[in-house]
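Reminder, nothing fancy here: chain letters follow the sequence lines and each chain counts from 1.
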Amino acid sequence: MPKLPTPPVPGPLKEPPPRPDEIEGTGHPVEHAKHGGVSIVDWVDERTSLSGAARWMMFRKVPKGTNWFYTFGSATMFAFLSQAVTGVFLAMYYRPDPAGGAYESIRYVTNDVFLGQFVRGMHKWGSSVMVILVFIHMGRTFFFGAYKYPRELNWVIGVVLLILTMVMSFTGYLLPFDQRAYWATIVGVNINATGPLIGPYLSDFLLGGAEFNATTLSRFYAIHMLILPGAIAALIGAHLYLVAKLGTTAPPWQKADIKEDLRETQV
Amino acid sequence: MADSRAQYRSKYTLDRGMPGAFEGETVTRRHAINATAQGAGIVATAAFLLPALGFALAPVFKETEHRWEVVGTTSQFNEVTYLPVTITIEPNIGEAGKSTAYIRKRNPAIDTDIYDRHTQFIAISSRCAHLGCPVRWVEAAERFICPCHGGVYDLLGRRVSGPPPRPLDRFFTRVNGNLLELGPRFSVNSQLRRFSPRNPGEPLDGIGQYLYPARPGAMI
């Protein structure tokens, strides 16, 4: 079976760097320090072979015609990373206490904490940005026909990620615990309840009981910050793996590049 | 030629010449160890997964508590219009656990429904039967009006206009001396027939009562 050629390596990486004991020069500490980074990377790579994986991921061949439309997936991922980082820091101040503590902790973050309003604003507006980017990314995939064979499974994973993002928005909306958050959640939970047969059980599961009660807020908080981020991160990993494995599609307007001198043998 | 291979691979470990085999033994040690290891894995996973799932799902089956709450004296309500009272749906969570009920004295001239004949007071929940926003009683229009999606109900709580699929819920009432007490909530269909309390958005007419089953823990 013929082997595919190894992926091309950019110029600077082609020559293996000299090992620390091969370094020519005066043996001055500065000379050694210059190669310190290289030797650390070498040390790790000798024990993990991670450079192969990194090369496989980073130096893929992409089709001719790849353009800025192809960046929305990465943009969505960076929106998620931004949400994850700001969310972790917001969790240091947030208190899921429905008897007034939740609202008070959000007020404290917004008004009193250094850069609190900025970090909370990033999280709040970033959530809308992420939802918008998810839909743009989905539209790009749809209109470029990039969901077709063999990429159907990646489309399915993407749809699950879309749903998880929606659940993320829904559970996050309650946490400020102001009037808007409370009533929007009441309406949202009741929309879930309108599903036939399982709807009533679903709404009881979400509320943790028949009515909005003392555990509802902490339930939403746990789903929002513990269950969903892990699930989303894992699925993004699978999504990215399949992108690298299957490669990306050429834009639909890209014509096949046929060499005229080979045309006779192709017919 | 498929069964020639089956003959060659006898199910007895002795026939297969495996080390340590004995007469009549069919399960190989590899299979036994495999099954043990995977079985142990399944047991260990179930040991934390099942209790955790039950823990998360338990509230669905929890019996709802019945509380009777004093909302005022009997003389403070009249037959003509509704008076709002604040009630506690869920204790210990402050304002978030409060709700509003609208109460008036039963008027035999308009409350002709047979299900009402033993009640002295009509207590209507302010929770809209569409998606749960708080309705308010508008005196001039003699209508309950919902601010969210335009649900409108008449004096008896029956839908007049908008998206609600059933009338407003009601509360059981009882008179204790000269005090009026509110009990559990119940839902009604368009004929004002009573059902155990349902969530907003769930119709109770026709097939609706079967598509939206009662809560397992409901005691009505």
For each of [options], tally heavy-atom pairs with chain A at distances under 4.5 Å, and name the one with the top tally.
options	value
B:Asn199, B:Ile89, B:Asn92	B:Asn199
B:Glu202, B:His130, B:Arg198	B:Glu202
B:Gly94, B:Ala58, B:Pro59	B:Pro59

| In terms of heavy-atom proximity below 4.5 Å to chain B, should A:Phe212 be classed as side chain, backbone, both, or neither? | both
Among the options [options], pick out the one with the most heavy-atom pairs lying under 4.5 Å from chain B.
options	value
A:Thr216, A:Ile191, A:Leu207	A:Ile191
A:Ala99, A:Pro98, A:Pro200	A:Pro200
A:Asn213, A:Ile186, A:Leu217	A:Asn213
A:Gly195, A:Gly188, A:Gly100	A:Gly195

Any chance [atom1] of [X] has more than 12 other-residue heavy atoms, nucleotides or ligands included, within less than 6.0 Å?
X	atom1	answer
B:Gln76	CD	yes
A:Tyr147	OH	yes
A:Gln117	CD	no
A:Tyr103	OH	no
A:Ile198	CD1	no
A:Arg180	CZ	no
A:Gln179	CD	no
B:Lys98	NZ	yes

| Is it the side chain or the backbone of B:Pro134 that comes within 4.5 Å of chain A heavy atoms, both, or neither? | both
Look at the side chain of [X] and the backbone N and O of [Y], then say whether any donor-acceptor pair between them is shorter than 3.5 Å.
X	Y	answer
A:Tyr182	B:Ala96	yes
A:Arg219	B:Ala56	yes
B:Tyr212	A:Leu197	no

[atom1]-[atom2] distance between [X] and [Y], expressed to the nearest 0.5 angstrom:
X	Y	atom1	atom2	answer
A:Thr215	B:Glu90	OG1	CD	8.0 Å
B:Arg127	A:Glu211	CZ	CD	4.5 Å
B:Phe61	A:Tyr201	CZ	OH	7.0 Å

| Student check: side-chain heavy atoms of B:Cys148 and A:Trp183 closer than 4.5 Å | no
| field | Verdict with supporting geometry, A:Asp204 and B:Lys62, side-chain contact (heavy atoms from CB on, under 4.5 Å) | value | CA-CA 10 Å; A:Asp204 280 19; B:Lys62 199 178 140 204; over 6 Å; no
| request: Specify the closest pair of heavy atoms between A:Asn190 and B:Leu131, including all atoms of both residues, with the distance to one decimal. | output: ND2-O, 2.8 Å
